[in-house]
There are 4 protein chains.
Amino acid sequence: MLKKLSEAKLQEILETGISEFAAHGPDKANINVIAKKSGVSVGVLYKYYDGKEGFFKACLKQALRALEAAIEEAIQGDDKILVRAEKLIRAIQRSAKENPNYNVLYHEITAGSSQRHAATLAAEIEGISSRAYVGFIAKAQEDGDIRKDINPRLFAFFFDNMLTMLQFSYSCEYYRERFKIYCGEEMLADDERVVQELLKFFESAFTTEQSQIPHKR
Amino acid sequence: MLKKLSEAKLQEILETGISEFAAHGPDKANINVIAKKSGVSVGVLYKYYDGKEGFFKACLKQALRALEAAIEEAIQGDDKILVRAEKLIRAIQRSAKENPNYNVLYHEITAGSSQRHAATLAAEIEGISSRAYVGFIAKAQEDGDIRKDINPRLFAFFFDNMLTMLQFSYSCEYYRERFKIYCGEEMLADDERVVQELLKFFESAFTTEQSQIPHKR
Amino acid sequence: MLKKLSEAKLQEILETGISEFAAHGPDKANINVIAKKSGVSVGVLYKYYDGKEGFFKACLKQALRALEAAIEEAIQGDDKILVRAEKLIRAIQRSAKENPNYNVLYHEITAGSSQRHAATLAAEIEGISSRAYVGFIAKAQEDGDIRKDINPRLFAFFFDNMLTMLQFSYSCEYYRERFKIYCGEEMLADDERVVQELLKFFESAFTTEQSQIPHKR
Amino acid sequence: MLKKLSEAKLQEILETGISEFAAHGPDKANINVIAKKSGVSVGVLYKYYDGKEGFFKACLKQALRALEAAIEEAIQGDDKILVRAEKLIRAIQRSAKENPNYNVLYHEITAGSSQRHAATLAAEIEGISSRAYVGFIAKAQEDGDIRKDINPRLFAFFFDNMLTMLQFSYSCEYYRERFKIYCGEEMLADDERVVQELLKFFESAFTTEQSQIPHKR
DNA sequence: GATGAATGAGCGTTCATTCAT
DNA sequence: AATGAATGAACGCTCATTCAT
C-alpha cells in the first residue's frame with residue numbers, strides 16, 4: 001500500500017494512538033504496535049509526527065480538542081450559572097460515554113512522566129476554562145445569582161475540581177471503580193441521578209450566604 | 001557487605017523508591033538507579049520484593065499507610081461533619097507539605113499503567129475512607145446536622161472528590177500549576193484562606209435544604 | 001514533473017552525490033537527502049542507478065574521470081621525468097583546490113566499506129597510471145635520465161605513493177590536519193614551496209646512483 | 001555466565017571490535033554482532049564503553065597503542081637517519097603482518113565518517129611522530145648527515161607519507177591490490193627487496209645536495 | 001517516465017532480571 | 001544473605017527500497 005494517507009487514515013492512527021496510550025500509558029505504549037494496529041508502517045508515524053513524544057502530543061491535542069468541543073456549547077451563551085453547570089455535567093457524561101479515552105489521556109498528562117511539561121500543558125489546557133469559570137462566577141456574583149462572600153477564583157477552582165473528578169470517574173478505570181465503591185455500581189449508569197445530586201451540591205454551595213447558616217462548630 | 005538489612009535500611013529503600021517513582025512514574029523509574037541511590041544492590045530489591053512491580057506496590061503501600069495515618073486523627077471521634085472537614089483539609093495541607101511524593105504515588109496508580117489493578121487497588125484504598133465518609137454523612141443526616149434531601153453516598157463521593165483534588169493540587173506538579181492558574185500563585189501558600197473558602201463551600205452544600213433556595217433556573 | 005531528465009540534471013545529481021558521499025561517507029550518506037538536494041525524486045536514483053551502491057559507484061566514476069582528466073595533460077607527451085613530476089604536482093594542487101571532493105571520494109574507496117570491491121576497483125583505477133608511471137621510469141632509465149640501480153616498478157610505486165598522499169593532504173580533512181601538523185598552516189597555501197621541495201626530493205631520489213653516496217650505516 | 005569480565009576478555013572484545021570495524025567500517029559494523037562474536041552480551045559493551053562511538057574509540061586507541069609500540073623501538077636511540085628508516089620500515093612490515101587490522105583502523109579514521117574529529121584525532125595521533133621525524137631530520141642536518149638545502153618539516157612530511165603508504169599497502173585491501181598492480185604479487189612477500197629499494201629512495205633523497213645534480217629541465 | 005509516500009528490516013541502546021560469587 | 005556484573009529481550013528510530021499514481 002503506498003497511496004498517500006487519507007485524512008481519515010490519519011484520524012484512525014490518532015485514534016489508535018489515543019487508545020493505546022490510554023490503555024498502557026505514554027511510556028509503555030509501543031509505537032510499533034500502534035503502527036501495526038493502525039495498519040500502517042512505523043515509518044508513517046515518524047513522517048507525520050515527531051517521534052513517540054510528538055505522536056503522543058498529537059494524540060493528546062486531538063483528545064483535548066474533542067473534550068473542548070464537547071463542553072464548548074455548555075460554556076457559550078449567558079445562562080445562569082446552574083444551567084451552565086447542568087449543561088456541563090451532561091456534556092461530561094455524554095463525552096465520557098462516547099470517548100472515555102480522551103479523558104484518560106487528559107488524566108495521563110497529570111501523572112509523573114509528563115511532569116516536565118506540567119507548566120506548559122496546564123497553561124495551555126486549563127487557561128481557557130479557568131478564565132471562563134472564574135468569569136461566570138464573578139458575573140453571577142455581580143448579578144446577585146450567587147453569594148458574594150466567596151472568592152470567585154477559589155470557587156471556580158472547586159467547581160472545576162468537581163467536574164474534573166466527574167470526568168475521570170466516568171472514564172478512568174481506577175476512578176470508575178472508586179465511583180462504584182462510593183455510590184454503587186448502578187449509579188454509574190444513573191446519569192440523571194448524578195446530575196440532580198451534583199446540582200443540589202452546587203446550588204447550595206453557590207447560593208447560600210454564610211450568614212443564613214447557623215454555625216454548628 | 002553481607003550484613004542483614006536493617007529495618008531502617010528497608011525504610012530508606014522504600015523512601016528512595018517513592019521518590020523515584022514519584023519523579024519519573026512507575027514505568028520510567030529505574031530499578032538499578034533506585035538500588036544505587038539507596039546504597040544497596042539490585043539483588044535485595046529482588047529478594048525483598050517481587051520485581052519492579054512488587055517493589056512499586058510496596059512503595060505505594062508505604063505511601064498510602066502514611067497518608068492514612070495523616071488523616072487518621074481527623075476521622076476519629078465524633079466531631080460534627082464540618083469540624084471533621086476542617087481537620088481533614090488541614091491534614092491534607094500538612095501531609096502535602098511534608099510528603100508530597102506520597103500523594104504523587106497515590107495519583108500515579110490512577111493512571112494508565114496501573115489500570116490492570118484498578119479494581120483491587122481501589123477496593124483496598126478507597127474502601128475504608130468511603131465507608132467512613134458515607135457513614136459520617138448518613139449519621140449527620142440522622143442527627144439533623146446536614147440536610148436530608150440528598151443521597152449520602154453521592155455526597156460522600158463529592159466530598160472526597162474535593163479532598164482528593166485538593167491533595168493533588170498541593171502535591172502533583174500538573175495540579176499545582178492548575179491551582180496557580182485558577183487561584184494565583186499566592187493561594188498555594190495561603191492555607192488558611194483555602195480552608196475557610198472550602199469550608200464555606202462544604203457548609204452551604206451540606207446544610208442548605210433545597211427548599212430554602214429559591215429556584216433560579 | 002514528467003519531463004525527462006536532462007544530461008545536465010544527471011550531472012547535477014552526481015555532483016550532489018559526490019558532495020554528500022564526501023561529506024558523510026558511503027554508509028552515512030543518505031539517498032533520500034541526496035535526491036532532495038538534487039531536486040529530484042528518489043525514484044530517479046533507482047531508475048538511473050542500481051541502488052545506493054550503484055549510485056555511489058557512478059559518483060566515484062565521475063570523480064575519477066575528473067581526476068584523470070586533471071592529470072591527463074601531465075602524463076601526455078615525452079617530458080623528462082622531473083618535468084612530468086612537476087606537472088603532476090601542480091595538477092594535483094589545482095585539482096585539489098577545484099574539487100577536493102573528488103579526492104575525498106577516491107580516498108573513500110580505500111576504506112573498509114568498499115573492501116569487497118578492492119581488487120576490481122584497484123585494477124580499474126590504478127591500472128592506467130601504474131602502467132604509465134612504470135613506463136616513464138623504465139624509459140627514463142633507458143634514456144639515462146634516472147639511475148639504473150633501482151626497480152622501476154617499486155620506484156613508480158613510491159612515486160605514486162608520494163603523489164597520492166599529496167592529493168589527500170590537500171583534500172581530505174584528516175590529512176589536511178596532518179599536513180598542518182607537519183609543515184605548519186601556512187604551507188597548505190604555499191603551493192610553490194611544496195612543488196620545489198617535493199621536486200628536490202624526487203630529483204635526488206631518482207637521479208643519484210647509489211655509488212655516488214658514501215654509505216653511512 | 002556472570003563472572004566479572006577478565007582483562008583477557010576485555011582484550012578479546014577489543015580485538016573482535018577491531019576486526020569488525022576493520023572489516024566493515026565504523027558505520028556498518030554491528031554492535032550486536034560484535035558482542036555475539038566476542039561471546040558477551042551487548043550490555044557489556046555499554047557498561048564498559050560509551051556506546052558504539054565510545055567503543056570504536058577504544059578499539060582505535062588500542063590499535064594505535066599497538067602501532068606506536070611497534071615503531072617505538074625504531075625511533076628510540078640516536079641512530080643515523082637511514083638506520084632509523086630501515087628499522088621503521090621493518091617495524092612496519094612486521095606489524096602489518098601481525099596485525100593488519102590495526103593499520104586498517106588507523107586508515108579508517110582518515111575517511112569520511114570520522115571527519116568531525118579529524119583535527120583532534122590528527123593532533124593526538126600525528127603529534128608525536130611528526131615531532132620525532134622533524135627532530136630527526138633537523139638533527140641529521142646539523143650533524144651533516146643529510147643535506148641542508150631542504151625544509152626539514154616538509155621532508156619529515158614526505159618521509160612519513162612514504163611510511164604511511166607502506167603501512168596501508170601491507171594492510172588495507174585496496175592498497176594491497178594497488179601494491180600488487182604496481183610491483184607484482186611477489187613483491188608483497190619480498191620484504192627485503194622493499195626495504196632495500198625504499199632505503200635507496202630515501203638515501204638519495206636525503207643525502208644528495210641539489211648542487212650535485214645537473215638540472216635536466 | 002517521474003514522483004515521493006509508504007514500507008519494514010535492521011540497528012543502537014536501555015534496563016528489568018538473574019545468579020555466580 | 002548480599003552483591004552487582006552480565007544478560008538479552010524489547011523498543012525507538014532510520015533509511016534504502018518499492019511501486020501506485
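Chain letters run A, B, ... following the sequence lines, proteins first and then strands; every chain starts at 1.
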Atom CD1 in B/I18, atom CD in B/E108: separation rounded to 0.5 Å?
11.5 Å
What protein N or O atoms touch nucleotides 12-14 of chain E N or O atoms at under 3.5 angstrom, if any, and at what distances?
unit_1, atom_1, unit_2, atom_2, d
E/dG12, OP1, D/A29, O, 3.2
E/dG12, OP1, D/K52, NZ, 2.7
E/dG12, OP2, D/N30, OD1, 3.3
E/dG12, OP2, D/I31, N, 3.1
E/dG12, N7, D/N32, ND2, 3.2
E/dT13, OP2, D/Y46, OH, 2.5
E/dT13, OP2, D/K52, N, 2.8
E/dT13, O5', D/Y46, OH, 3.2
E/dT13, O4, D/N32, OD1, 3.4

Between NZ of C/K36 and C1' of F/dA16 the distance, given in whole Å, is 15 Å
Go through E/dG8, F/dT3, F/dT7 for me and flag the one nearest to the D/V40 side chain.
F/dT7
ring-ring contact (aromatic ring centres under 6.0 Å, His included) filter on C/Y174, not counting sequence neighbours, yields none
Specify the separation, in whole Å, of atom CG of A/L10 and atom P of E/dA6.
8 Å
D/F55 has an atom CZ; how far is it from atom P of E/dC11, in whole Å?
16 Å
Given side chain to side chain donor-acceptor pair (under 3.5 Å), test D/E177 with C/H117 step by step and report yes or no.
CA-CA 10 Å; D/E177 292 297 328; C/H117 311 106; over 6 Å; no
If I take atom OG1 from residue C/T110 and atom CG from residue C/L121, how far apart are they, to the nearest 0.5 angstrom?
10.5 Å
Nearest whole Å is fine: how far is F/dC13 C1' from A/F56 CZ?
19 Å
Give, for atom CG of A/L105 and atom OG of A/S171, the distance between the pair rounded to the nearest 0.5 Å.
11.5 Å
Tabulate below the donor-acceptor pairs under 3.5 Å that side-chain atoms of residues 32-47 of chain D make, not counting sequence neighbours, or state none.
unit_1, atom_1, unit_2, atom_2, d
D/K37, NZ, D/E20, OE2, 2.8
D/S38, OG, D/T16, OG1, 3.3
D/S38, OG, D/I34, O, 2.6

Nearest-Å distance for atom pair OH/P, residues A/Y49 and F/dG12:
17 Å
Atom NE2 of B/H24 to atom C1' of E/dC15: distance rounded to whole Å?
14 Å
What is the distance from atom CD1 of B/I31 to atom CZ of B/F21, rounded to the nearest 0.5 Å?
5.0 Å
For residues 56-63 of chain B, run the donor-acceptor check on the side chains, cut-off 3.5 Å, and write out each pair with its distance to 0.1 Å, sequence neighbours left out.
unit_1, atom_1, unit_2, atom_2, d
B/Q62, NE2, B/Q11, OE1, 2.6

In whole angstroms, how far is the C1' atom of E/dG4 from the NZ atom of A/K47?
8 Å
With Watson-Crick and G-U wobble geometry limited to distances under 3.5 Å, how should the secondary structure of DNA chain E be encoded in dot-bracket form, using | for bases paired to another strand and [ ] for crossing pairs?
.||||||||||||||||||||
Rounded to whole Å, CG of B/L45 lies from P of F/dA1 at a distance of 15 Å
Looking at residues at least two apart in the chain, or sitting in another chain, which of them share a ring-ring contact (aromatic ring centres under 6.0 Å, His included) with C/Y102?
none
Consider the side chain of B/S41, meaning its heavy atoms from C-beta on, and name the nucleotide among E/dA6, F/dG4, F/dA5 that approaches it most closely.
F/dG4
